[in-house]
Amino acid sequence: MLPENFLQSIEHVQGLNKKSFEAVHNSDEQITSVRINPAKSIQLFSSNEQVTWCKYGYYLQERPSFTLDPLFHAGAYYVQEASSMFLWHIAHQLFGINTQKKILDTCAAPGGKSTLLASYFFDGLVVSNEVINSRATILSENIAKWGTGNCIVTNNHPKSFSLLKNYFDALVIDAPCSGSGMFRKDITAVEEWSLDNVVFCSQRQQKIIADVWQSLKENGYLIYSTCSYSEEENEQILDWIVDNFKVESISIPVEESWNIITTQSNKHKAFGYRFYPDKIKGEGFFIAVFQKKEKDIFVKYKHSSLQQPTKQEVDLINNFLIQNHELKFFKHNNEIKVFNTQFYNDVLVLAQQLHIKNAGTTLGEIKGKDFVPNHELAVSTLRLSNIATLELDKENALQYLRKKEFSVTSQSRGLALVIYNGIGLGWIKVLQNRINNYYPSEWRIFNK
Ligand code: SAM
């Protein structure tokens, strides 16, 4: 049952049909959707019903145990609520094929929007930020599994980004909110809902927008979203943005058959897009786009310097990687990492201003005369060479992910990449009569 004070508070929001809205919340229908990782597999789920506004989104008929699917751990897909995938359509409308852009995902954990952005801006830069450290760790893990190598994960308060004036082509603010859009999926969201919290969230949303605003370029886009139905967190925030910054509200074309409700804010008629679970196949969601119309000011960004690997070290690494001149190597805490050359300078600038949790792909460490590959390399989409691979069946793949023993019939001894359905899971070392399982302990699965 939905709280009466909640229903009263949203009575007048645009597009709400109280009767069908309540009915859908009283039914036990659950919708599961996933977004595949185009850099790892495009065949996966291709016979399933598609999420119409996202090229790589699919509905599943029932919710499987994702924990028991090795492809889930391999970052072959991300379990994401379908309405949120509308961000793909927005990116497509705003940028089309111009994907070499710099995007800040301000409130990024656990990584749904960031992995979508990493796929869309595959040759761009995604700075994926989360203020809460423990959540930034989960974010970093999900980004590493996604493997696209074009992300920098930061753990900063939004205010820290005000130092990066006019830096990003788009800011995505998927703001912390009162969470009513998740009522159907999450009973605790219903229990925790209160009018006071709506007011608190709306003030926090304004603060976050103000904190990061300066880091957006002139003509860059602010993409604001919540999973709340409350006007205070949606259309009223749009009016607050127009009152405080020089912006233009951007209208996003939507097909009528999608049943997304286009709304306009009271005061400035700014456009917003509402997703109601009784109208679309997904959960409650709100999203809006503005273009910044303030002049850039000239800024000279300070940057740090990072240690470079020696020629010998690079030669050792190149035994593992197919030559790619677009890659720039660097060292951090003895680990060798790699980033797209085009955005390497951004790594240096961000390293100077922010707390970076991870950047690009960690390739591994040089120990003595050997290169010891990192797990991130195994799950990355970089092209590897001269590596022995070992395809596992599902049971052995799960044993590997549990970090338990398993047996394989391999002729060759030494380091090997274990794969499942052709997708990298991690490293092992095949010895005379046992296998060393190098799956990261902190990522292992615990169920039977
Ligand atoms: N974008 C994420 C995704 O798609 O997976 C979901 C983000 S969730 C709606 C909002 C995030 O904002 C949470 O991870 C939360 O920790 C973070 N957050 C909480 N308070 C914040 C604040 N004051 N400033 C910035 N982020 C905050």
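Counting starts at 1 for both ligands and their atoms, in listed order.
Ligand 1 is never approached by S84 to a heavy-atom distance shorter than 4.0 Å.
Taking a 6.0 Å sphere around NZ of K269, one finds it holds more than 12 heavy atoms contributed by other residues, nucleotides or ligands. Heavy atoms of other residues, nucleotides or ligands lying less than 6.0 angstrom from NZ of K404 number 12 at most.
Side-chain rings of W258 and H89 approach one another, their centers coming within less than 6.0 Å.
From the protein, the heavy atom lying nearest to atom 19 (C) of ligand 1 is P176 CG, 3.7 Å. Residue, atom and distance of the protein heavy atom nearest to atom 10 (C) of ligand 1 are D174 O, 3.6 Å. Nearest protein heavy-atom neighbour of atom 14 (O) of ligand 1: E130 OE1, 2.6 Å. Atom 5 (O) of ligand 1 has as its closest protein heavy atom G112 N, 2.9 Å. The protein atom (non-hydrogen) at minimum distance from atom 23 (N) of ligand 1 is R204 CD, 3.7 Å. Scanning all protein heavy atoms for the shortest distance to atom 11 (C) of ligand 1 gives C107 CB, 3.7 Å. Looking from atom 22 (C) of ligand 1 to the surrounding protein, the closest heavy atom is I208 CD1, 3.7 Å. When hydrogens are left out, the protein atom nearest atom 25 (C) of ligand 1 is P158 CG, 3.5 Å; that is the closest non-hydrogen contact.
Comparing heavy-atom distances from atom 8 (S) of ligand 1 across G181, C201, A109 singles out A109 as nearest.
Looking at V131 against ligand 1, only its side chain comes within 4.0 Å, counting heavy atoms. Neither the backbone nor the side chain of K207 has a heavy atom within less than 4.0 Å of ligand 1. For K113, heavy-atom contacts with ligand 1 shorter than 4.0 Å involve the backbone as well as the side chain.
Close N/O approach between R135 and ligand 1 is found [any backbone or side-chain N/O within under 3.5 Å].
Near I132, with a cut-off below 4.0 Å to any heavy atom, the atoms of ligand 1 are 16 (O). Against a heavy-atom cut-off of under 4.0 Å, P110 is close to the following atoms of ligand 1: 5 (O).
A donor-acceptor contact under 3.5 angstrom links the side chains of T148 and N150, judged on distance only. Side-chain contact of N259 with Y276: a donor-acceptor pair under 3.5 Å is absent, judged by distance alone.
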side-chain hydrogen bond (donor to acceptor under 3.5 Å, both in side chains) for S140 and K357? Distances and angles first, verdict last.
CA-CA 7 Å; S140 193; K357 272 217 102 76; over 6 Å; no
Verdict with reasoning, E376 to N358, per side-chain hydrogen bond (donor to acceptor under 3.5 Å, both in side chains):
CA-CA 11 Å; E376 283 180 28; N358 206 356; 2.8 Å; yes
side-chain hydrogen bond (donor to acceptor under 3.5 Å, both in side chains) assessment of Y224 paired with Q205:
CA-CA 10 Å; Y224 173 79; Q205 287 147 1; 3.3 Å; yes
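A heavy-atom distance below 4.5 Å is found between the side chains of Y58 and I36. Contact of the D169 side chain with the F121 side chain is not registered, since no non-hydrogen atoms from C-beta on lie closer than 4.5 Å.
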